[in-house]
Amino acid sequence: MQARFYRALYRIRRIEEEIAAVYPTDKIKSPVHLSIGQEAVSVGVCEALRPDDVVFGSYRSHALYLAKGGNLRRMIAELYGKADGCAKGKGGSMHLIDIEARVMGASAVVGTTIPQAVGFAYALKLQRKDSVVASFFGDGAVDEGVFHESLNFAALKGLPIIFVCENNRYAIHTHQSKRQKLDNICDRARAHGLPAEQIPNNDVQRIYERISQSVEQLRAGSLGPFFFECLTYRLKEHVGPNDDFQLGYRTREEAEAWVKSDPIEQLRAHLDAAERRRIEMEVEDEIKDAFAFAEQSPWPEAAELYTDVYGE
Amino acid sequence: MQARFYRALYRIRRIEEEIAAVYPTDKIKSPVHLSIGQEAVSVGVCEALRPDDVVFGSYRSHALYLAKGGNLRRMIAELYGKADGCAKGKGGSMHLIDIEARVMGASAVVGTTIPQAVGFAYALKLQRKDSVVASFFGDGAVDEGVFHESLNFAALKGLPIIFVCENNRYAIHTHQSKRQKLDNICDRARAHGLPAEQIPNNDVQRIYERISQSVEQLRAGSLGPFFFECLTYRLKEHVGPNDDFQLGYRTREEAEAWVKSDPIEQLRAHLDAAERRRIEMEVEDEIKDAFAFAEQSPWPEAAELYTDVYGE
Amino acid sequence: MASETKRELSYIDAVREATDQEMARDSSVILFGLDVDDPKAIQGTTRGLLEKFGPERVFGSPLSEDAMTGVAIGAALAGLRPIHVHIRMDFLMLAMNQLINIAAKSRYMYGGQVQVPIVVRSMIGKSWGQGAQHSQGLYSFFMHVPGLKVVAPTTPYDAKGCLVHAIRDNDPVMYVEHRILHFQRGPVPETSYTVNPGKARITANGSDVTLVGISYMQVECLRARKYLESVDIDAEVIDPIWLSPLDIGTIVDSVRKTGRLCVVDNGWAACGASAEIVALVIERLQQIRPVVVRRLGFAPVTCPPTPILENLYYPNASTIASAVYDLVRGGDNGWMPKERLDLQEIQFRGPF
Amino acid sequence: MASETKRELSYIDAVREATDQEMARDSSVILFGLDVDDPKAIQGTTRGLLEKFGPERVFGSPLSEDAMTGVAIGAALAGLRPIHVHIRMDFLMLAMNQLINIAAKSRYMYGGQVQVPIVVRSMIGKSWGQGAQHSQGLYSFFMHVPGLKVVAPTTPYDAKGCLVHAIRDNDPVMYVEHRILHFQRGPVPETSYTVNPGKARITANGSDVTLVGISYMQVECLRARKYLESVDIDAEVIDPIWLSPLDIGTIVDSVRKTGRLCVVDNGWAACGASAEIVALVIERLQQIRPVVVRRLGFAPVTCPPTPILENLYYPNASTIASAVYDLVRGGDNGWMPKERLDLQEIQFRGPF
Ligand SMILES: Cc1ncc(C[n+]2csc(CCOP(=O)(O)OP(=O)(O)O)c2C)c(N)n1
Ligand SMILES: Cc1ncc(C[n+]2csc(CCOP(=O)(O)OP(=O)(O)O)c2C)c(N)n1
Ligand SMILES: [Mg+2]
Ligand SMILES: [Mg+2]
């Protein structure tokens with residue numbers, strides 16, 4: 001299990017580090033909202049899901065897409081704006097999708113995929129499927145009315161969905177305390193009748209366990225939804241490849257604490273050197289391959305501009 | 001006090017009964033959402049307010065408008081679509097307004113005046129005024145995201161506003177239990193950090209006392225907002241002058257309980273006959289006068305169609 | 001075609017029948033929205049469907065237009081075909097983010113891998129003092145944005161055929177109903193049929209002027225045509241039916257013949273459907289033949305509830321006829337037909 | 001007028017200065033919206049204002065576009081003059097109910113007894129892979145609805161003058177900024193001045209064709225004019241500045257002279273500003289003089305982020321020049337100017 005977590009976390013971290021490294025070359029034609037520092041949430045949740053389970057996310061979905069098994073080559077190609085991208089270059093980094101992996105969408109408008117996740121869960125229930133949906137969003141999305149409308153409806157109908165709030169405390173540069181009087185996101189969910197739990201400190205193990213239990217209950221037919229607030233931390237700037245401590249809206253000290261407790265470092269300690277090296281080399285190879293794939297992938301044909309507006 | 005309550009409640013009841021009586025004649029050119037059965041909430045709240053305090057309401061605001069001191073003649077003229085209407089015939093029954101009485105607006109779109117009330121309160125605070133705002137809405141408005149966004153912001157800024165949810169259990173014909181998993185509107189307010197209290201049973205006296213205390217605290221400079229859920233009951237159909245028990249979405253028995261506890265009847269018992277008759281005759285005279293005023297009021301000039309779109 | 005059938009239905013029953021037949025035919029069709037399951041059953045358009053298809057496929061919703069639109073989109077991504085009903089088009093303003101930023105764009109921004117087959121039914125109000133917020137015809141917003149389809153049927157026949165198509169269509173369709181049209185009756189075949197996008201209908205032939213009437217204004221245009229007959233003006237009346245995709249070809253062909261175009265919209269003119277139709281016709285016919293145009297629509301003000309002003313706010317058969325008279329004869333003749341009671345507007349009786 | 005001053009400012013600083021001066025002048029002006037008080041200060045347009053006017057008059061808000069728009073309206077009803085800022089115009093779709101159903105209608109539906117003097121600033125994105133939801137120019141929605149005013153300044157001079165007017169205006173004003181224009185520099189008088197509604201500006205005189213460029217497309221039109229000079233086509237370029245109320249008179253006068261109109265919009269054509277301008281010009285000039293028209297705007301698709309497709313999505317100086325060439329010479333000549341580096345587009349560098 002620990003090896004699995006380590007591989008998943010390390011892989012996402014390294015991929016995003018590579019994205020950050022390449023970004024200044026302008027080869028990436030899309031803004032990047034890096035998940036570096038937040039990988040534990042996506043990994044902890046998605047390791048507990050089945051391939052047929054569904055996820056929806058925000059513009060900050062690199063980690064979610066990868067953790068759920070989204071195709072890496074096609075993701076990098078999408079960032080490059082190439083024809084082999086996961087959205088043929090028509091989505092960009094904020095609209096990652098992988099139908100096979102059931103990564104069903106991501107939106108650049110905060111909070112907007114929450115009700116879609118709920119609607120998908122409604123369909124699964126109606127279709128008598130035992131797959132579940134996980135809806136990912138940030139602490140900023142909690143400010144939006146649609147968050148409440150969505151939870152209210154999901155609870156009313158007892159839908160097979162798990163809401164995952166990745167609380168990194170900031171909406172761009174604005175701290176939660178400047179947007180919400182109380183630090184009580186779980187209570188906001190409970191007000192709609194959802195069981196809610198806060199999981200501190202990027203605790204990938206605990207996230208995995210609690211989501212696994214919830215998913216089990218849902219598959220066993222007990223009514224959803226469930227709500228989890230996962231405390232985590234964004235180490236890079238809101239958008240782009242750099243640090244942003246110079247902006248002064250947060251301190252380096254604040255970040256240090258999270259760097260210290262970084263689950264990647266923690267897990268690394270528990271792995272024997274050989275296995276660790278094997279994992280890391282495999283990851284490096286995969287990354288080289290993916291960026292090479294993106295480099296070689298052609299640009300979309302001009303005719304692509306006019307396709308996919310309407311169905312045939 | 002009891003005489004004051006009786007007068008206010010009886011007056012509103014009789015005015016709306018008169019509206020219901022006239023409605024079939026087609027003289028009223030606007031849909032009517034009668035407050036019959038719900039007068040206690042508007043009266044209890046507005047009796048505790050000062051003339052300079054501000055209220056916002058919904059399309060069901062006849063009682064609110066009258067309780068806050070809105071001009072009766074101009075209200076009836078507005079229902080008649082006449083030039084002397086409180087909105088010159090350009091608003092209709094769903095958009096009652098009386099600037100002097102500080103009835104600052106009503107909307108036909110559920111929930112939309114809630115944030116306006118919050119914004120008005122923000123201005124009052126910035127302007128260092130000690131007036132307060134009361135925002136009226138129904139249990140249906142609680143379903144809307146804007147309800148949550150508005151409470152969140154009002155709490156964040158500690159604004160001098162009192163939210164009054166008139167919970168009559170129905171949105172048109174749909175019971176609260178079909179729209180909200182839990183019967184816990186106060187908890188939904190508390191989740192945003194507001195002190196919240198439910199006042200059952202059209203208890204005009206209790207509403208008056210609790211609002212008075214809250215207003216006092218606000219004027220004394222303590223931070224708002226406050227939230228009250230007032231349980232009440234609509235005796236007539238959602239829109240229009242008739243009963244609607246034949247529709248079958250609610251029972252006559254359900255209504256009976258509220259008729260029995262009708263505060264108008266209760267208060268009547270405590271008044272000596274002479275005073276009661278004096279009040280009732282004054283009210284009847286006022287009503288006759290108002291409908292006569294509306295009858296005689298001219299239609300708006302054709303040129304009015306093009307005025308008031310933009311300022312000069 | 002309409003004439004093939006003897007059976008008459010109201011627009012309301014046509015909508016109900018289309019929904020009923022499609023829900024019976026395809027179990028992936030669901031129907032929801034405020035009050036679809038209540039005793040009034042959305043003017044009767046959803047009557048009996050809850051009983052027939054059950055509460056999982058037919059359900060009322062909380063007052064949450066924004067999220068419920070997202071729910072429709074999400075359900076569609078999972079393979080359902082949701083019909084989301086709004087008793088006022090004005091309320092769609094609460095759903096614009098999901099409609100414009102998600103529904104219209106999903107197929108494209110996900111590289112054609114997903115589709116959003118939803119139908120959004122919404123109703124335009126008129127009369128009975130509905131006023132500012134219960135009277136808007138805002139469909140031009142949806143014509144503006146690629147990825148959405150827009151239809152505004154005016155007859156019971158088209159109401160059924162367009163709704164059947166809209167439900168089967170794999171793109172989001174904004175289905176616009178006018179509350180006064182709800183009371184229209186007309187021939188409607190019992191068997192299922194579709195009225196497809198991109199085909200307008202010539203509802204009356206003529207040679208002097210092309211009269212395009214959108215939504216309820218189609219009714220007023222047909223009345224205006226009768227008034228115009230009395231002064232020997234022969235108007236060709238066209239019902240676009242589908243506003244997006246718009247069958248401009250049929251309109252252009254008519255104007256090529258008549259040389260005169262009057263578009264009467266059930267909305268404001270500025271950046272509205274009438275502006276688009278005029279611009280398209282001019283682009284197609286310029287340097288081919290001279291054309292004179294006229295747009296009629298709501299007065300450029302907020303809708304007033306008082307009848308005295310509301311009557312001036314909307315175009316009607318007489319004002320349309322008068323405007324067309326000037327368009328055909330040239331100049332400002334101030335001609336007004338005398339009201340004919342046999343052409344009286346169907347009265348929409350309250351309570352609204 | 002712009003020429004009277006030597007001082008050059010960026011569009012960003014012009015917006016900042018207008019806000020600063022009006023807030024100093026009138027204590028009822030407040031400024032809020034997501035991130036107006038953050039380190040990036042909305043591209044710098046709100047820089048320093050928090051420090052100068054304090055957190056009661058300048059504050060960031062929760063992510064609650066719908067309610068915060070209502071808050072602006074309510075504050076305006078109480079006598080304040082709120083400026084509500086959105087870093088993307090796309091996000092206004094969350095605020096449509098308050099904007100269309102309340103802000104636009106309050107004065108009218110309350111019989112002229114209230115006014116809603118709010119300014120809603122919103123930004124249109126382009127380039128750098130912003131894609132489907134960060135690139136829309138949806139101002140035609142606001143042109144459609146009576147009661148709103150709409151302005152889209154293209155120069156630093158107008159950015160300041162229009163914002164000063166918008167703040168003083170007693171009606172709701174939708175103030176539209178284009179992120180690429182933010183980097184434009186130009187002469188801006190230090191003293192306060194207003195650029196008022198209902199007056200378009202002729203930005204270059206010409207006799208062969210009238211080129212109307214909206215928002216950022218004004219820049220591309222001026223470049224196109226240079227390309228056209230090389231083939232002896234003399235284009236008159238007009239910047240409407242205010243889209244509602246629209247100064248159609250200035251455009252009509254120009255077309256009366258040139259007989260040719262090309263409207264280049266920073267949005268989609270269907271039911272857009274270009275449709276309205278074409279329709280108005282035709283209505284005014286029909287039977288007075290023959291006119292040929294052309295509309296250019298976004299391709300009728302969702303905005304793709306990949307540069308290869310995005311370049312085809314937007315009109316640019318070359319495609320505009322090519323279209324105008326055909327309009328003037330007639331036919332389909334396939335002429336394209338060769339790129340001139342001195343006319344290169346100002347590059348908008350990420351991070352967006
Ligand atoms: C509706 C909406 N409003 C504003 C924005 C601008 N914006 C982009 S990201 C962001 C912050 C969102 O914060 P959060 O939900 O906590 O997600 P995080 O970036 O922290 O992962 C904002 C305000 C947006 N994209 N959508
Ligand atoms: C946003 C919106 N959605 C739907 C409607 C249609 N509608 C009118 S009144 C109403 C019920 C509102 O119920 P509630 O808030 O409890 O007020 P009540 O009528 O009980 O006083 C509904 C759904 C509306 N006017 N606005
Ligand atoms: Mg965050
Ligand atoms: Mg209610």
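Letters A, B, ... mirror the listed sequences (proteins, then strands); counts begin at 1. Hydrogens, waters and symmetry mates are skipped; everything else that's a heavy atom, side chains included, is used.
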- Does the side chain of C:N170 reach to within under 4.5 Å of the side chain of A:E312, using non-hydrogen atoms?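 When only atoms from C-beta onward are counted, A:E312 and C:N170 do not touch, as no gap falls below 4.5 Å.
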- Query: Do C:P62 and A:F153 come close enough that some side-chain heavy atom pair is under 4.5 Å?
  - Reply: yes
Can you say whether [X] sits under 4.5 Å from chain C via the side chain, the backbone, both, or neither, judging by heavy atoms?
X      : result
A:V109 : side chain
A:L151 : neither
A:L96  : backbone
A:F147 : neither
A:K157 : side chain

- Item | Smallest separation among heavy atoms of C:L63 and A:E149, with atom names |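 That closest heavy-atom pairing would be O-OE2, 4.4 Å.
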- What is the minimum heavy-atom distance between A:V309 and C:P146, and which atoms define it? CG1-CB, 4.0 Å
- Task: Just give me the residue among C:G79, C:A76, C:G147 that pairs up with chain A most often, heavy atom to heavy atom, under 4.5 Å.
- Result: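 Option with the top pair count is C:G147.
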- Task: Flag the one option from C:I73, C:L77, C:T69 with the top tally of heavy-atom pairs under 4.5 Å to chain A.
- Result: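 It is C:L77.
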- Heavy-atom count around A:E216 CD within 6.0 Å, excluding the residue itself: above 12?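 Check fails, neighbour count at 12 or below.
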- Got a sec: does the CD of A:E295 have more than 12 other heavy atoms crowding it under 6.0 Å? yes
- Task: Measure from the side-chain N and O atoms of A:Y310 to the backbone N and O of C:L148, and report whether any donor-acceptor pair falls under 3.5 Å.
- Result: yes
- Message: Is it the case that the side chain of A:Q127 and the backbone of C:A78 share a donor-acceptor pair, with hydrogens and angles ignored and the cut-off at 3.5 Å?
- Response: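 Such a contact is found between A:Q127 side chain and C:A78 backbone.
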- Note on the structure: Most heavy-atom pairs under 4.5 Å with chain C, out of A:A154, A:A106, A:P300, A:G145, belong to A:A106
- For the candidates A:S150, A:S107, A:A87, A:A108, which exhibits the highest count of non-hydrogen atom pairs separated by less than 4.5 Å from chain C? A:A87
- Pick one of side chain, backbone, both or neither for C:P197, based on which atoms fall under 4.5 Å of a heavy atom in chain A. neither
Would you list the atom pairs, donor with acceptor, under 3.5 Å between side chains in residues 115-124 of chain A and any protein atom, with sequence neighbours excluded?
residue: A:Q116; atom: NE2; partner: A:T112; partner atom: O; Å: 2.7
residue: A:Q116; atom: NE2; partner: C:Q98; partner atom: OE1; Å: 2.8
residue: A:Y122; atom: OH; partner: C:E56; partner atom: O; Å: 2.5

- Message: Can you list the residues of residues 100-117 of chain C that sit under 4.5 Å from chain A, counting heavy atoms only?
- Response: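 Within residues 100-117 of chain C, the residues under 4.5 Å from chain A are C:N101, C:I102, C:R107, C:Y108, C:M109, C:Y110, C:G111, C:G112, C:Q113, C:V114.
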- Item | Proximal to chain A - members of residues 24-36 of chain C, heavy-atom separation under 4.5 Å |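 The list, in residue order, reads C:I30.
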- Query: Sequence neighbours excluded, which residues qualify as side-chain contact (heavy atoms from CB on, under 4.5 Å) partners of C:K199?
  - Reply: C:D247, C:T250
